[in-house]
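Encoded as structure tokens, the structure appears first; notes follow it.
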Amino acid sequence: GDSVTQMEGPVTLSEEAFLTINCTYTATGYPSLFWYVQYPGEGLQLLLKATKADDKGSNKGFEATYRKETTSFHLEKGSVQVSDSAVYFCALNAGNNRKLIWGLGTSLAVNP
Amino acid sequence: DAGVIQSPRHEVTEMGQEVTLRCKPISGHNSLFWYRQTMMRGLELLIYFNNNVPIDDSGMPEDRFSAKMPNASFSTLKIQPSEPRDSAVYFCASSPEDRVQYFGPGTRLTVT
């Protein structure tokens with residue numbers, strides 16, 4: 001069945017460091033791919049998405065490119081801030097239903 | 001736009017009591033999802049509705065859990081009787097046609 005695999009956390013970085021959080025997927029057909037972020041004490045919110053191969057989603061300095069050849073959707077940011085400390089979830093939607101298949105989440109802590 | 005509204009935000013109850021969680025989705029969204037989040041099990045989809053009809057309830061833990069969506073603007077998740085292992089944060093999310101899910105702030109349930 002469809003699945004999403006994220007790198008395990010926690011990830012700890014210093015402010016202004018480069019961030020990569022790996023995400024790979026298994027799916028039939030051509031899924032849509034998402035990154036969600038959850039700040040402490042809040043619900044998840046969409047960070048970015050891509051709906052077809054080679055699409056690049058971007059928001060708030062974060063980017064991810066839909067790579068069909070490697071079945072990946074890695075999240076990157078060139079210079080993280082303390083305010084980026086949160087849990088990041090990769091997810092996919094495939095087929096005719098509305099369900100999202102979720103990764104387990106990666107916790108990021110950014111130190112000043 | 002008020003976003004997804006959940007109530008109560010916090011609920012503390014004793015084992016054996018009935019608990020009802022409430023959700024108002026974003027107007028115009030035709031899909032609604034109930035999730036549970038714990039440290040041990042992560043984010044779990046319990047049930048989702050499309051056009052007020054339950055589509056997939058395979059994630060509902062057992063008969064003690066039930067969910068209803070009597071109209072497009074309201075849904076409930078009921079636990080009867082509650083048990084300490086039900087303690088978690090429960091999220092409601094709604095989605096329009098583009099399949100992006102918009103999460104509410106969650107209800108933190110503690111069963112003692």
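If you're wondering where the values come from, they're calculated on a predicted model, not measured in any experiment. Proteins get letters first, then strands, A, B, ... in listed order; numbering begins at 1 in each.
- Interface with chain B: from residues 44-67 of chain A, residues Leu44(A), Leu46(A), Lys49(A) qualify, criterion being any non-hydrogen pair under 4.5 Å.
- Phe89(A) and Tyr35(B) fall within the same hydrophobic cluster, where Ile, Leu, Val, Met, Phe, Trp and Tyr residues are linked whenever their side-chain heavy atoms come under 4.5 Å apart, directly or through other members.
- The same ILVMFWY cluster, assembled from side-chain heavy atoms under 4.5 Å apart, contains both Leu19(A) and Tyr39(A).
- Both the backbone and the side chain of Glu97(B) come within contact range of chain A, judged by heavy atoms closer than 4.5 Å.
- Hydrophobic cluster membership is shared by Val4(A) and Val11(A), with clusters built from Ile, Leu, Val, Met, Phe, Trp and Tyr side chains linked at under 4.5 angstrom.
- Screening residues 19-112 of chain A for disulfide bond (SG atoms under 2.5 Å apart), with sequence neighbours left out, gives Cys23(A)-Cys90(A).
- Linking ILVMFWY residues whenever their side-chain heavy atoms come closer than 4.5 Å, directly or via other members, places Ile79(B) and Val111(B) in the same cluster.
- The hydrophobic clustering, which links ILVMFWY residues whose side-chain heavy atoms are closer than 4.5 Å, places Tyr88(A) and Tyr25(A) together.
- In the displayed structure, Asp63(B) atom CG is contacted under 6.0 Å by at most 12 heavy atoms of other residues, nucleotides or ligands.
- At most 12 heavy atoms of other shown residues, nucleotides or ligands fall within 6.0 angstrom of atom CD in Glu16(A).
- Considering every non-hydrogen atom in both Phe91(B) and Glu42(A), the closest pair reads CZ-O, 3.8 Å.
- When heavy atoms are compared at a cutoff of 4.5 Å, Leu43(B) approaches chain A solely by way of its side chain, counted from C-beta outward.
- Using non-hydrogen atoms only and a strict 4.5 Å limit, the part of residues 27-36 of chain A facing chain B consists of Phe34(A), Tyr36(A).
- Few gaps surround CD on Glu62(B); more than 12 heavy atoms of other groups in view lie less than 6.0 Å from it.
- Other residues, nucleotides and ligands place more than 12 heavy atoms under 6.0 Å from the CZ atom of Arg64(B).
- Taking 4.5 Å as the heavy-atom cut-off, the residues of residues 98-112 of chain A that approach chain B are Arg98(A), Lys99(A), Leu100(A), Trp102(A), ordered by number.
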